[in-house]
Number of protein chains: 2
Amino acid sequence: MSQVAQSTREPLSNGEAAIRAAAGALFAEKGFEAVSVRMVAEKAGVSKANVFHHFASKEGLYLAVLRSAAEKSTHLLGEVAKASGTHAEQLGRFARGHLENLLEDKHVTRLLLREALEHGSERGRELADQGVGDGFTRLVAMLTEAQRSGELRTDLNPGLVAMLMVAANVFYFEAAPVLRHLPDVGFSDDPQGYSEGVMNILLHGILNKKGNTNE
Amino acid sequence: MSQVAQSTREPLSNGEAAIRAAAGALFAEKGFEAVSVRMVAEKAGVSKANVFHHFASKEGLYLAVLRSAAEKSTHLLGEVAKASGTHAEQLGRFARGHLENLLEDKHVTRLLLREALEHGSERGRELADQGVGDGFTRLVAMLTEAQRSGELRTDLNPGLVAMLMVAANVFYFEAAPVLRHLPDVGFSDDPQGYSEGVMNILLHGILNKKGNTNE
DNA sequence: GTCTATACAGGGATAGAC
DNA sequence: GTCTATCCCTGTATAGAC
């Protein structure tokens with residue numbers, strides 16, 4: 001609706017970009033309804049009217065933010081998969097990278113999660129869906145390949161395994177701040193250790209194979 | 001702030017209860033800010049002013065809703081654990097019951113998840129924390145016991161295992177509606193099958209133990 | 001306990017000068 | 001492109017009759 005990325009210098013305080021950035025932070029932190037255009041304008045250092053000059057409506061602004069968020073997310077994920085090693089190693093890398101990405105851009109992650117939680121409003125549902133869907137499909141493909149090579153059990157639904165891997169990461173993002181206060185949780189500040197532990201469990205299971213039934 | 005549960009008959013349309021119920025549904029669906037007192041009043045079949053008669057403010061109403069939500073949730077979880085069988089069976093029951101509970105009261109679940117996602121507003125954070133914290137602690141205890149008996153590997157952090165189990169369920173709740181549209185996901189309408197599959201993976205791992213490297 | 005009527009603050013959005 | 005000033009609506013909350 002207005003030309004962007006024409007002169008690449010001064011990306012931050014050139015109005016539109018500043019507004020988008022401010023809005024992104026606020027929407028991620030508080031949610032759509034809790035954010036007023038006035039707040040966005042203040043944070044961006046422009047006037048309220050100026051926001052409406054660049055974006056047709058508050059909703060349009062939100063969609064723009066969501067769009068760039070989704071793009072960023074999928075792009076980051078694309079970089080992860082290309083590497084060598086056993087499939088198990090590759091999966092581990094994927095998991096670690098995925099978690100890193102989630103944590104690196106908390107804004108984006110929060111925004112996407114929040115959007116996924118809203119069933120009522122159709123605001124940007126497809127965008128969020130597509131964001132996670134892409135990464136998910138890639139992961140499933142990787143798992144299927146690992147099954148075909150004989151490295152993984154073939155009696156498991158690869159979609160289910162993928163889901164478990166993603167679930168572990170997403171839940172870490174959501175719950176680590178909460179669980180930090182509990183005992184028995186030593187990993188809430190160590191995403192890498194967490195990722196390792198998770199992959200260990202997923203690969204080998206939690207059952208004790210040594211056959212001893214007591215100590 | 002006003003006496004409740006005094007006469008147990010007519011629980012629904014006695015004003016306060018109706019308001020609480022309506023508010024619970026709306027808050028869960030749309031979030032705090034997106035819900036207006038007028039909407040609540042309409043859905044409850046009372047006047048706007050009447051809502052303020054029963055609850056001091058919109059925030060007070062929200063807290064009341066959240067409180068009863070948390071209570072309900074923890075109570076449900078308490079029922080699950082008491083049963084016999086191997087520890088593995090018990091864990092499986094726990095996981096299945098937990099997921100059932102999440103799905104049974106989608107209102108409550110959504111509400112708690114949403115609250116957990118807000119780091120900014122301190123509205124009812126402790127309540128939500130305590131809700132999940134309780135179930136989590138119970139689960140960790142169960143796992144530790146299983147380790148002591150020799151049934152589970154002792155080189156794993158039980159908190160991490162617990163987290164993975166909860167993560168699987170929570171993520172199912174969050175993502176099943178989204179992932180339904182994807183290929184390779186056959187379980188999005190079958191929570192019980194999902195739960196079984198997850199426990200299978202957690203117990204035995206995903207690696208192929210048969211040693212064959214191709215087909 | 002329930003209503004109607006109202007106060008008043010803040011929301012999104014537009015007009016028009018610069 | 002950016003501002004000030006303004007419009008109109010809806011938000012929360014209160015007053016006071018029934």
Side-chain angles (χ1 to χ4, degrees), chain A residues 1-27 29-66 118 120-124, chain B residues 1-27 29-66 120-121 123-124:
Chain A
M1 283 177 184
S2 59
Q3 60 263 52
V4 207
Q6 165 187 358
S7 105
T8 329
R9 42 183 197 166
E10 309 243 349
L12 223 157
S13 52
N14 80 335
E16 174 159 340
I19 294 170
R20 219 204 232 80
L26 288 170
F27 283 141
E29 190 190 348
K30 303 174 186 298
F32 181 80
E33 319 275 352
V35 170
S36 74
V37 175
R38 201 170 51 81
M39 294 165 69
V40 173
E42 243 163 54
K43 180 151 193 165
V46 300
S47 78
K48 210 169 56 152
N50 196 2
V51 174
F52 286 101
H53 173 74
H54 287 290
F55 300 91
S57 66
K58 183 187 174 187
E59 181 139 347
L61 171 57
Y62 182 75
L63 284 175
V65 166
L66 209 62
E118 323 279 328
S121 85
E122 295 297 320
R123 235 191 311 277
Chain B
M1 283 181 180
S2 60
Q3 60 262 52
V4 208
Q6 165 188 357
S7 102
T8 330
R9 43 185 195 162
E10 308 243 350
L12 223 156
S13 52
N14 79 335
E16 174 160 339
I19 293 170
R20 220 205 232 78
L26 288 171
F27 282 141
E29 189 190 348
K30 303 174 184 299
F32 181 80
E33 319 276 351
V35 170
S36 74
V37 175
R38 200 170 53 77
M39 294 166 72
V40 174
E42 242 164 53
K43 181 152 189 162
V46 299
S47 79
K48 215 170 46 156
N50 195 3
V51 173
F52 286 101
H53 173 73
H54 287 291
F55 300 91
S57 67
K58 183 189 175 185
E59 182 139 346
L61 171 58
Y62 182 75
L63 284 176
V65 165
L66 209 63
S121 85
R123 237 193 308 280

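Everything numeric here is computed off the predicted structure, so don't read it as measured data. Protein chains get the first letters and strands the later ones, always in sequence-line order, with residue 1 at the start of each.
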For every nucleotide of nucleotides 12-18 of chain C, 5' to 3': is a protein heavy atom under 4.0 Å from its base (B), only from its sugar-phosphate (S), or from neither (-)? BBBB---
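- For the pair Leu26(A) CG and dG11(C) P, the interatomic distance rounds to 12 Å; values are reported in whole Å.
- One atom, CG of Asn50(B), and another, P of dT14(D), lie 14 Å apart when rounded to the nearest Å.
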Please walk me through it: do Arg20(A) and Glu16(A) pass side chain to side chain contact (heavy atoms under 4.5 Å, CB included)? CA-CA 6 Å; Arg20(A) 219 204 232 80; Glu16(A) 174 159 340; 3.7 Å; yes
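- Separating the CD atom of Glu16(B) from the P atom of dG1(C) is a distance of 8 Å, rounded to the nearest angstrom.
- Remark: Lys58(A) is not positioned above the aromatic ring of Phe52(A), lacking an NZ or CZ atom under 6.0 angstrom from the ring centre and at most 45 degrees off the axis.
- Closest approach of Val40(B) and Val35(B) over heavy atoms only: CG2-CG1, 3.7 Å.
- Ring-plane geometry between Tyr62(B) and Phe27(B) is classed as perpendicular, the angle between the planes exceeding 60 degrees on a 0 to 90 degree scale with a lower cut at 30.
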Evaluate side chain to side chain contact (heavy atoms under 4.5 Å, CB included) for Lys30(A) paired with Met39(A), printing each intermediate quantity in order. CA-CA 11 Å; Lys30(A) 303 174 186 298; Met39(A) 294 165 69; 3.5 Å; yes
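- Here the C1' atom of nucleotide dG11(D) and the CD atom of Glu42(B) are 14 Å apart, to the nearest Å.
- At dT2(C), one or more side-chain N or O atoms of His54(B) fall inside 4.0 Å of OP1 or OP2 (strictly under the cut-off).
- Between atom CG of residue Leu61(A) and atom CD of residue Glu59(A) there is a gap of 10.5 Å, rounded to the nearest 0.5 Å.
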